[in-house]
Amino acid sequence: FTSVKAVPKASFVDYIRGGCQISLITAVDFTASNGNPSDPNCLHYISPVKDNEYVQAIKSIASVLAPYDSDQMIPSFGFGGQIPPHFHVSHCFPLDLNTQNPEVYGVQGILNAYQHAVRTVRLYGPTNFSSILDKAAQYASVRENQQSQSYFILLIITDGEITDMADTVDRIVAASKLPLSIVIVGVGGAEFKNMEILDADDTPLRSRNGQTMARDIVQFVPFRELMRKAGPNGCVAKETLAEIPGQLMAFMKSNNIKPNPPVLRRSETTVYSGQPGQGPAPYPSGPQGPAPYPSGPQGPAPYPSGPQGPASYPSGPQGPAPYP
């Protein structure tokens, strides 16, 4: 008699619980096809009463992806704009225009950087993805192993068709071997035919050197259609995350990486308050834990209770002392 042991199939949640670090990267289209930012019809128009489609997309889509980012420090970029001070065209610039550090904290940090960029960057063009994809590949070119697991999600928000299709396909095919997924969100009313091709649900992408993508890593989300289906109170999480779990597990399986045993994550223990990026600290928020000088009745000390005798610190108003 031979016994058969059922081995449960690993899930996306198993990898997250096992400590797999998810990192979000964002990129925003600053090409002139968006319109004049001073025109209320422009997709980048900042209105005091209504969010434009880019802000809506950041709030709804990035808010779905950002909670999976362990440290909430999100590299954020723009492309297709003329940036100060010399206003040369850049296809990959820090969204907050800080060339020393493109990371911002959380979704609000993305929004703050975006709104500053809209008022500072000149819209230009053309719409090229290849430089942004190169930057994402740099982040995702980490050495994966069983103990150290990480995965990256690139969120691109754009209004139109790209002009470097062949270069973009080459980059996506190369990136299909990296721990990377790409979510392309189309805002505005363009047809987005090339985006449907990049989605590659029906036909795998093939680079100019004849190489076929190792796995599907692109998901295209037409924002207006998505919001119309979801309705005013709808949830966009299902559509946004539809393909990412399978893409992550396909990468892990191809590299023979299994979920690690569950670890106690920070979100499951103490919530630490403080400034953006603050991690665990010796004295977290909440009731004071053990410390060199805990609360409670005063124990033996260099200066015990009782009548004060001759000492370096005589009676009277308390002077400076190690233990006031």
Side-chain angles (χ1 to χ4, degrees), residues 24-69 72 74-84 93-98 102-127 129 132 153-162 182-192 195-196 219-242 276:
L24 177 63
I25 306 167
T26 62
V28 178
D29 185 332
F30 280 85
T31 58
S33 57
N34 285 282
N36 187 332
S38 63
D39 182 350
N41 294 317
C42 174
L43 292 170
H44 280 304
Y45 179 72
I46 302 296
S47 167
V49 296
K50 181 181 179 182
D51 291 338
N52 65 37
E53 284 194 44
Y54 280 94
V55 172
Q56 292 177 48
I58 292 170
K59 286 183 176 180
S60 57
I61 307 293
S63 294
V64 172
L65 300 173
Y68 291 93
D69 192 299
Q72 292 291 294
I74 303 172
S76 299
F77 302 93
F79 60 93
Q82 294 178 315
I83 61 175
F93 59 87
L95 193 60
D96 62 359
L97 303 179
N98 179 358
E103 295 184 342
V104 299
Y105 181 74
V107 174
Q108 189 59 51
I110 301 173
L111 289 168
N112 293 344
Y114 163 73
Q115 292 175 349
H116 172 67
V118 167
R119 295 182 173 93
T120 308
V121 175
R122 295 175 184 171
L123 306 189
Y124 202 73
T127 306
F129 281 2
I132 289 293
I153 302 171
L154 170 62
L155 171 63
I156 300 176
I157 308 175
T158 183
D159 81 307
E161 297 292 359
I162 58 176
I182 303 167
V183 178
I184 303 174
V185 177
V187 296
E191 293 185 3
F192 300 112
M195 304 306 170
E196 298 288 356
Q219 180 180 0
F220 173 62
V221 180
F223 186 70
R224 286 187 179 179
E225 180 181 339
L226 173 64
M227 297 305 290
R228 186 166 56 250
K229 290 180 179 178
N233 300 313
C235 179
V236 300
K238 182 178 180 180
E239 185 76 17
T240 304
L241 295 174

Take Tyr54 and Val118 through the side-chain contact (heavy atoms from CB on, under 4.5 Å) test and state the conclusion after the steps.
CA-CA 11 Å; Tyr54 280 94; Val118 167; over 6 Å; no

[X] side-chain N/O to [Y] backbone N/O, donor-acceptor pair under 3.5 Å:
X	Y	answer
Gln56	Asp51	yes
Asp69	Leu24	yes
Asn112	Gly109	no
Gln108	Tyr105	no

Taking every non-hydrogen atom, the tightest pair across Ala62 and Pro67
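Closest pair (atom of Ala62, atom of Pro67, distance): O-CD, 4.3 Å.
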
Could you pull out the closest heavy-atom pair between Gly160 and Thr127, with the gap in Å?
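The pair with the smallest heavy-atom distance is O-CG2, 4.5 Å.
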
Can you tell me how far the [atom1] atom of [X] sits from the [atom2] atom of [Y], to the nearest 0.5 Å?
X	Y	atom1	atom2	result
Leu43	Leu123	CG	CG	10.0 Å
Ile74	Leu155	CD1	CG	9.5 Å
His116	Asp96	NE2	CG	8.0 Å
Leu154	Ile132	CG	CD1	7.5 Å
Ile162	Ile156	CD1	CD1	8.5 Å
Ile58	Leu111	CD1	CG	5.0 Å

Quick one: list whatever passes side-chain hydrogen bond (donor to acceptor under 3.5 Å, both in side chains) with [X], sequence neighbours left out.
X	value
Ser38	Asn36
Ser60	none
Asn52	Tyr114
Asn98	none

Would you please name every residue forming a salt bridge (charged side-chain N to carboxylate O under 4.0 Å, His left out) with Glu191, sequence neighbours left out?
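Only Lys193 meet the salt bridge (charged side-chain N to carboxylate O under 4.0 Å, His left out) criterion with Glu191.
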
Answer whether the closest heavy-atom distance between the side chains of Ile153 and Tyr68 falls below 4.5 Å.
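Contact flag for Ile153/Tyr68 side chains = no.
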
Residues in side-chain contact (heavy atoms from CB on, under 4.5 Å) with [X], at least two apart?
X	value
Pro75	Ile25, Phe77, Glu103, Tyr139
Gln115	Ile46, Val55, Arg119
Gln82	Phe87, Val89, Arg122, Tyr124
Ser63	Val107

Under 3.5 Å, side-chain donor or acceptor atoms of residues 219-227 against the rest of the protein: list the pairs with distances, not counting sequence neighbours.
from, atom 1, to, atom 2, distance (Å)
Gln219, NE2, Glu239, O, 2.4
Arg224, NE, Glu53, OE1, 3.4
Arg224, NE, Glu53, OE2, 2.5
Arg224, NH2, Glu53, OE2, 2.7
Glu225, OE2, Lys229, NZ, 3.1

Tell me the salt bridge (charged side-chain N to carboxylate O under 4.0 Å, His left out) pairs involving residues 25-50, sequence neighbours left out?
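Checked against salt bridge (charged side-chain N to carboxylate O under 4.0 Å, His left out) - neighbours excluded - no pair reaches residues 25-50.
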
Going through the distances and angles, do Phe192 and Ile184 end up as a side-chain contact (heavy atoms from CB on, under 4.5 Å)?
CA-CA 10 Å; Phe192 300 112; Ile184 303 174; over 6 Å; no

Who passes ring-ring contact (aromatic ring centres under 6.0 Å, His included) against Phe30, sequence neighbours left out?
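ring-ring contact (aromatic ring centres under 6.0 Å, His included) check on Phe30 returns His44, Phe93.
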
